[in-house]
Amino acid sequence: MFSGNGTNLKIKLLTDIMDPKRLAREFYVRDVLVVAPELPGKYMVIKLPDGSLTRFKVTEVEAYRGAEDQACHAYKGRTSRTEIMYSEGGSLYIYLIYGMYWMLNIVTGGKDNPQAVLIRGVEDHPGPGILTKSLGINKSFYGEDLVESQRIWFEDRGLVQPVKNGPRIGIDYAGEYWKSRPWRYFL
DNA sequence: TCAGTGATTAGG
DNA sequence: CTAATCACTGAG
C-alpha cells in the first residue's frame, strides 16, 4: 500500500526540520553530469581538527563517469579501493595519490553505477591536495555518508553563481576522447 | 621542467 | 615477493 520505509521517512522529515540546508540523498543519486555542475556554489561543512565547524564554498569540481570513462578509476574494474563508488550516491570516495595527497570525491548515481565528483577546490583552498591537507581530510573519511555524518556534509545556502566548464586535469593516460570531455566545472 | 612519496594493483 | 602506476604540488 505505502512505498518506502516508515522509519527512514520519519528520520528524513526530522533531519529536514533540524537541518533544512543539508543536501539530501536525492541530490546525489543522479547522474554525475547532473550533480557535478550543481556543486560549485554549494558549501562544504566540516568539523576541523580543532573541533570547529566551518563552511567553505565549493569552487571547482570534476566528474568521473562509470566503467567506460577511461579517466575514471572504475575503468580498470572493481577493486577494494574503488568499492565505495559502486554504492548508492551520497558517500565519500577517498584515495591517496603520489604517496602524499588525499583526494576528496563524492559518490553519485545509483547502486552499481560507479561515478564520483572530485572536489578540486573550495574557497581559500585551491587544489585537491591542498584542501585535504589543510582541512585534515584523510582515509578515515572513506565511505563517510554525507546524509548522516556529523563531521562533513554539503549545504545549499541559496547562492547562485555562473558555472564555467572545461576539460579535466591530470588525465594524460586517458584517450583523446575522454581527455577532451568538458567535465571540469568551476566558478 | 621535475622529484618527492607510498598505497594500491596485477602478476609471478 | 616485485614493479608499475598515479584525478598533485612546490621548487627552480
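Chain identifiers are assigned alphabetically (A, B, ...) following the order of the sequence lines, protein sequences preceding nucleic acid strands; residue numbering begins at 1 within each chain.
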query = Does His73(A) have its ring centroid less than 6.0 Å away from the ring centroid of Tyr64(A)?
reply = no
ask   = Got a sec, which pairs hit salt bridge (charged side-chain N to carboxylate O under 4.0 Å, His left out) with one end in residues 91-115 of chain A, sequence neighbours left out?
value = Arg78(A)-Asp112(A)
note = Per the under-4.0 Å heavy-atom filter, residues of residues 164-187 of chain A near DNA chain C come out as Gly170(A), Ile171(A), Tyr173(A)
request  = Nearest 0.5 Å please: distance from the CZ atom of Phe186(A) over to the CG atom of Asn165(A).
outcome  = 7.0 Å
Salt bridge Glu62(A)-Arg168(A), side-chain N to carboxylate O under 4.0 Å = no
ask   = Rounded to the nearest 0.5 Å, what separation is found between the CG atom of Leu146(A) and the OH atom of Tyr28(A)?
value = 4.5 Å
remark   = Rounded to the nearest 0.5 angstrom, the OG-CZ distance for Ser91(A) and Phe141(A) is 14.0 Å
message = Only Watson-Crick and G-U wobble pairs with both distances less than 3.5 Å should count. Give DNA chain C in dot-bracket notation, marking inter-strand partners with |.
response = ||||||.||||.
Straight-line distance of Leu187(A) CG to Leu159(A) CG, nearest 0.5 Å = 7.5 Å
query = Does Arg120(A) pair with Glu60(A) as a salt bridge, N-O distance under 4.0 Å?
reply = yes
query = To which residues is Val45(A) joined in a hydrophobic cluster, defined by side-chain heavy-atom contacts under 4.5 Å among Ile, Leu, Val, Met, Phe, Trp and Tyr, whether direct or through other members?
reply = Leu53(A), Trp153(A)
key: Nearest non-hydrogen partners of Thr59(A) and Pro40(A), listed with the distance   = O-CB, 4.3 Å
ask   = Just by modelled atom types, is the Gly89(A) backbone N or O under 3.5 Å from a matching donor or acceptor in the Thr108(A) side chain?
value = no
inquiry  = Treating Tyr142(A) as the side-chain partner and Arg81(A) as the backbone partner, does any N or O pair qualify as donor plus acceptor under 3.5 Å?
reply    = yes
note = Nucleotide by nucleotide, nucleotides 7-12 of chain B touches protein heavy atoms under 4.0 Å in the pattern (B base, S sugar-phosphate only, - none) SSS---
request  = With heavy atoms under 4.0 Å as the rule, sort Met103(A) into base, sugar-phosphate or nothing.
outcome  = sugar-phosphate
ask   = Using a heavy-atom cut-off of 4.0 Å to chain A, what are the terminal contacting nucleotides of DNA chain C, in 5' to 3' order?
value = dC6(C) to dG10(C)
